[in-house]
S.K.: 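Below are the structure tokens for one structure; questions will follow.
The model shown is predicted, which means the values in this text are computed figures rather than measured ones. Chain A is the first sequence line, chain B the second, and so forth, proteins listed ahead of strands; every chain is numbered from 1.
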Number of protein chains: 2
Amino acid sequence: MQPTIDFTLSTAPQVYDWLRDAILRGALPPGTRLSETEIGQQIGVSRQPVREAFIRLTADGLAEVRPQRGTYIRRISISAVLSARLIREAVESDLIRMLAEQADDKLITQLDQEIAEQSEAVARDDAETFVRLDDRFHRLLAVAVGQEAVWEVLEGLKSQMNRLRYITARTFDIQKLIGQHAEIVDGLRNHDPALAEAAMRRHLRELLNDLPEISRSRPELFIP
Amino acid sequence: MQPTIDFTLSTAPQVYDWLRDAILRGALPPGTRLSETEIGQQIGVSRQPVREAFIRLTADGLAEVRPQRGTYIRRISISAVLSARLIREAVESDLIRMLAEQADDKLITQLDQEIAEQSEAVARDDAETFVRLDDRFHRLLAVAVGQEAVWEVLEGLKSQMNRLRYITARTFDIQKLIGQHAEIVDGLRNHDPALAEAAMRRHLRELLNDLPEISRSRPELFIP
DNA sequence: AAGTATTTACTAGTATGCAAGTATGCATTA
DNA sequence: TAATGCATACTTGCATACTAGTAAATACTT
């Protein structure tokens, strides 16, 4: 596990991107102890850019600096995950209602195509691709109502949820999720805001179904 | 304009808090050029803690570092402000619906009291106090449904909106805002989720009424 | 042997030095 | 006069030295 640093560019952002990705993928599990010096030596840079990466990770809520003691990967905050889900449901519900009133045939066709791709991925048992396609599907809905900036905000909030997703990826019933995507698109196709919203809320409420079980079986990963 | 640095604590976070407050209050208007060295000399610390404060401000979207050129206070992003408002409306609407089903007499009394305090502030023509009370009112609603963490997230998003608020504070029709607060509480009093939600949406949709005018008269403060 | 002081090896926080890129004003040139 | 080259004074990015605080192992005392 080693990043490729391009020394013609600034190193600090590259260190940040590398560490952030590693945390979200679970390669650096909660509670892991990091050290500015150690990481710096590992990738061949001084403490300084590593330190700056740690500061940004702390601002993201992904790391925690204990002065004169060390820097630790933060445990997953259950309340932060639940908050992110609630916010996502509220916002995407509003967006989908707006979209139901203005969706045109071209968009519906595009969304049907997205769902077909998702089905292909699940047929190949390719969970990782599905996660990517799922993100793209929801993003596309936001872009279609001209609210790409809103999705960017949700993306940031989702970081805590994503950490969970990598832990629980196997237990998802992906086929069911795709069916829910189809229900959402049906709501758009019929220009029925209430239907689309109901489908979206049902969909997003299922995302954390297995949180209680996971947090019971792996308590060392979580804080309230 | 000078912060008081407590040298028994870490200085970097203190520098960050000071600069952030100055930006949100408009004391450092968009486009202002900062310098690590200059700020450091001004408050008697080295470049390092100032630099770390700049990094966090950049992560907040409040500053922008141009390598080898300087650090600048970011202009207010109109799309970010609009996104924050949309998200706030979606989330607070959901929260107020949940609250309408479970609000008890004690809470209603407390909210009535809050509104009374707001009226006192407007009677004294004390706009600054009203801004504080307004924040407390909305926060209280979130806390009452057990979603304080959600409000913390909204607080972060609101930073761009707050910069606007300090510019436009005088032009607000505060009396009208208080009336809308009362409508929201009436919805809760009658345990009528639809009524409460409608009042909340009406309320939050007015917050940016004067954005078009402000952005036309002060274009140097904004980017699309 | 148990408990207490001390040493030692770490940690992050801060200050400073150097390198490299940028902007600006001035001198030079056509 | 206008345009170009260049010296100079900035800027941030990174490396390094030093400080102070923490924790754990070790030595010492009772």
S.K.: What is the distance, rounded to the nearest whole Å, between atom CD1 of B/Ile5 and atom P of C/dG13?
M.R.: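 Distance check: B/Ile5 CD1 to C/dG13 P gives 15 Å.
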S.K.: Establish, for the pair A/Arg56 and A/Tyr16, whether the NZ or CZ atom is under 6.0 angstrom from the six-membered ring centre and no further than 45 degrees off its axis.
M.R.: yes
S.K.: Dump the pairs, protein N or O against N or O of nucleotides 10-13 of chain D, anything under 3.5 Å, distances to one decimal.
M.R.:
| unit_1 | atom_1 | unit_2 | atom_2 | d |
| --- | --- | --- | --- | --- |
| D/dT11 | OP1 | B/Ser35 | OG | 3.1 |
| D/dT12 | OP1 | B/Thr71 | OG1 | 3.3 |
| D/dT12 | OP2 | B/Glu36 | N | 3.4 |
| D/dT12 | O4' | B/Gln68 | N | 3.3 |
| D/dT12 | O2 | B/Gln68 | NE2 | 2.7 |
| D/dG13 | OP2 | B/Arg51 | NH1 | 2.2 |
| D/dG13 | OP2 | B/Arg51 | NH2 | 2.8 |
| D/dG13 | N7 | B/Arg47 | NH2 | 3.2 |
| D/dG13 | O6 | B/Arg47 | NH1 | 3.0 |

S.K.: State the CD-OG1 distance between B/Gln48 and B/Thr11, to the nearest 0.5 angstrom.
M.R.: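 Going from CD on B/Gln48 over to OG1 on B/Thr11, the span is 9.5 Å.
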S.K.: Without decimals, in angstroms, what is the distance between A/Glu64 CD and C/dT11 C1'?
M.R.: 15 Å
S.K.: Could you check how far CD of B/Gln48 sits from C1' of C/dT16, rounded to whole Å?
M.R.: 10 Å
S.K.: I need the A/Gln110 CD to A/Phe137 CZ distance, nearest 0.5 Å.
M.R.: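 If I round to the nearest 0.5 Å, the distance is 10.5 Å.
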S.K.: Mind checking whether B/His181 and B/His138 have parallel, tilted or perpendicular rings, split at 30° and 60°?
M.R.: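 Correct class here is perpendicular.
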S.K.: Please report the interatomic distance CG(B/Leu204) to CD(B/Glu92), rounded to the nearest 0.5 Å.
M.R.: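 Between atom CG of B/Leu204 and atom CD of B/Glu92 there are 5.0 Å.
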